[in-house]
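If you're wondering where the values come from, they're calculated on a predicted model, not measured in any experiment.
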2 protein chains.
Amino acid sequence: MKLSSKARYAVMAMADLATHDSGRPVTLQDIADRQELSLSYLEQLFGRLRRGGLVNSVRGPGGGYLLARSSGETRISDIVLAVDEPLRATRCMPGSPQGCRTDKKRCLTHDLWAELGNQIYLFLSSVTLDDVVARRVLGSSGLISAPPPAESAGSVEDRSDLALRH
Amino acid sequence: MKLSSKARYAVMAMADLATHDSGRPVTLQDIADRQELSLSYLEQLFGRLRRGGLVNSVRGPGGGYLLARSSGETRISDIVLAVDEPLRATRCMPGSPQGCRTDKKRCLTHDLWAELGNQIYLFLSSVTLDDVVARRVLGSSGLISAPPPAESAGSVEDRSDLALRH
DNA sequence: AGATACCCGAGTAATCCGGTCAACTTTACG
DNA sequence: CGTAAAGTTGACCGGATTACTCGGGTATCT
Ligand code: FES
Ligand code: FES
């Protein structure tokens with residue numbers, strides 16, 4: 001799971017596709033115009049989305065792209081995964097089950113990052129394309145397990161500025 | 001909030017600092033040796049951590065660094081924030097309250113990414129340094145709100161391979 | 001045929017990032 | 001006082017990655 005801006009664009013494009021879903025194929029040019037993205041870039045993106053089985057393509061005049069599954073059945077995590085392949089991590093080799101670092105057993109922080117990745121995946125797969133276009137994204141609802149240490153009061157408010165990529 | 005490997009190193013170093021906390025300052029050289037990180041790089045990192053008020057420094061011989069707060073009172077989110085400053089996002093300008101894109105109101109995906117950022121922050125601030133060194137990180141416990149759409153069975157298992165950075 | 005649109009792979013310019021270096025300051029100790 | 005042990009600063013580098021483009025190809029409709 002990687003979070004590049006490519007992934008953001010893909011989700012934007014898919015959302016656009018979902019909103020203009022009327023049985024008839026939608027051309028990339030339309031999406032490019034509406035979302036103000038470059039056509040060439042979209043082609044690249046939709047190549048992956050198609051190979052990932054998320055959209056179907058229709059060639060020739062009158063062609064374009066169609067959602068392969070309904071927007072309620074397409075999870076955001078699917079999109080991100082399709083467009084930004086895993087590209088396995090730096091130090092921690094997920095291949096070998098045991099430790100990543102040098103030869104010792106997993107470093108202390110391993111579990112932390114693993115769990116974080118898990119949380120992110122869980123969240124992204126809990127949201128469907130339909131949720132997004134219907135603006136039905138839970139507004140800071142889903143709390144995560146343990147509350148923060150009762151200290152440094154009132155600092156867990158709306159920290160929404162996540163820099164996914166530059 | 002940005003998730004680079006710099007942040008990972010910072011957390012590693014802080015965890016090391018927390019485990020070797022005995023009232024006496026710990027030198028960066030020690031940390032560098034134990035965690036197999038470069039001294040120069042650690043200097044850079046700890047400069048930020050100090051400015052962020054997470055550690056105190058003692059200069060001169062016998063000097064080194066000390067945790068400013070107890071390990072139970074230091075949240076992981078604090079570390080990440082200190083070391084990897086926000087670096088505001090691409091399209092979505094967090095400065096202006098309304099829309100990010102061109103001039104229209106916020107694009108459909110805005111809320112999604114905002115909420116994702118929020119979730120990440122929530123998670124990271126629910127874990128303290130102490131939790132990490134005590135290996136007390138919840139193993140895929142904290143589920144997030146809505147379950148994924150009941151479909152495409154059994155695909156929400158342990159997807160822990162988050163590629164934070166190359 | 002010709003136009004429309006997808007398809008694909010190579011190429012590129014810029015950015016970013018992890019990491020280094022050198023010079024300076026502060027302080028302990030003898 | 002002098003020296004050495006540390007922290008402090010800021011500039012710098014090379015490689016990797018990203019975002020994005022281009023040009024040519026292929027299917028298909030009219
Ligand atoms: S990150 Fe996996 S063992 Fe260190
Ligand atoms: S990401 Fe904020 S409005 Fe598009």
So if I define the base as every atom that isn't primed, P, OP1 or OP2, how would nucleotides 22-30 of chain C read as a B/S/- string at a heavy-atom cutoff under 4.0 Å?
---BBBB--
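- Considering only heavy atoms from C-beta on, B:Gln35 stays 4.5 Å or farther from B:Tyr9 through its side chain.
- Rounded to an integer number of Å, the gap from B:Phe46 CZ to D:dA6 C1' is 14 Å.
- In this structure, A:Lys6 places its NZ atom 14 Å from C1' of D:dT21, rounding to the nearest Å.
- A distance-only check finds no donor-acceptor pair linking the side chain of A:Ser5 to the backbone of A:Arg8 [under 3.5 Å].
- Between A:Tyr65 and A:Phe46, the ring planes are tilted. Angles from 30° to 60° get that label.
- Nearest-nucleotide positions on DNA chain D place B:Val26 closer to the 5' end than the other of B:Ser40 and B:Val26.
- Contact annotation for B:Gln44: base contact, defined as any heavy-atom pair under 4.0 Å involving a base atom.
- Phosphate contact (OP1/OP2 of C:dG19, side-chain N/O of B:Ser38, threshold under 4.0 Å): absent.
- Minimum interatomic distance between B:Val132 and B:Val137 (heavy atoms only, all atoms of both residues): CA-CG2, 4.4 Å.
- B:Thr27 comes within 4.0 angstrom of the backbone, heavy atoms only, and of no base.
- A:Tyr65 comes within 4.0 angstrom of the backbone, heavy atoms only, and of no base.
- A heavy-atom distance below 4.5 Å is found between the side chains of A:Leu67 and A:Met14.
- Going from atom CG of A:Leu39 over to atom C1' of C:dT4 covers 12 Å, rounded to whole Å.
- Base-pairing analysis of DNA chain D finds the following stems of at least three consecutive Watson-Crick or G-U pairs, with both pairing distances under 3.5 Å: C:1-30 with D:1-30.
- The phosphate of C:dC6 (OP1 or OP2) has no side-chain N or O of A:Ser57 nearer than 4.0 angstrom.
- For the OP1/OP2 pair of D:dT9 and a distance below 4.0 Å, the side-chain nitrogens and oxygens of B:Arg50 include at least one atom meeting the criterion.
- Side-chain atoms of A:Asp16 and A:Thr19 include no donor-acceptor pair closer than 3.5 Å.
- At the phosphate of D:dT18, neither OP1 nor OP2 sits under 4.0 Å from any side-chain N or O atom of A:Tyr41.
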Contacts table for residues 48-61 of chain A: side-chain donor-acceptor under 3.5 angstrom, sequence neighbours left out:
| unit_1 | atom_1 | unit_2 | atom_2 | d |
| --- | --- | --- | --- | --- |
| A:Arg48 | NH1 | A:Val83 | O | 3.3 |
| A:Arg48 | NH1 | A:Glu85 | OE1 | 2.5 |

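- The residue B:Arg51 sits close only to the backbone: its heavy atoms come under 4.0 Å of sugar-phosphate atoms, none of a base.
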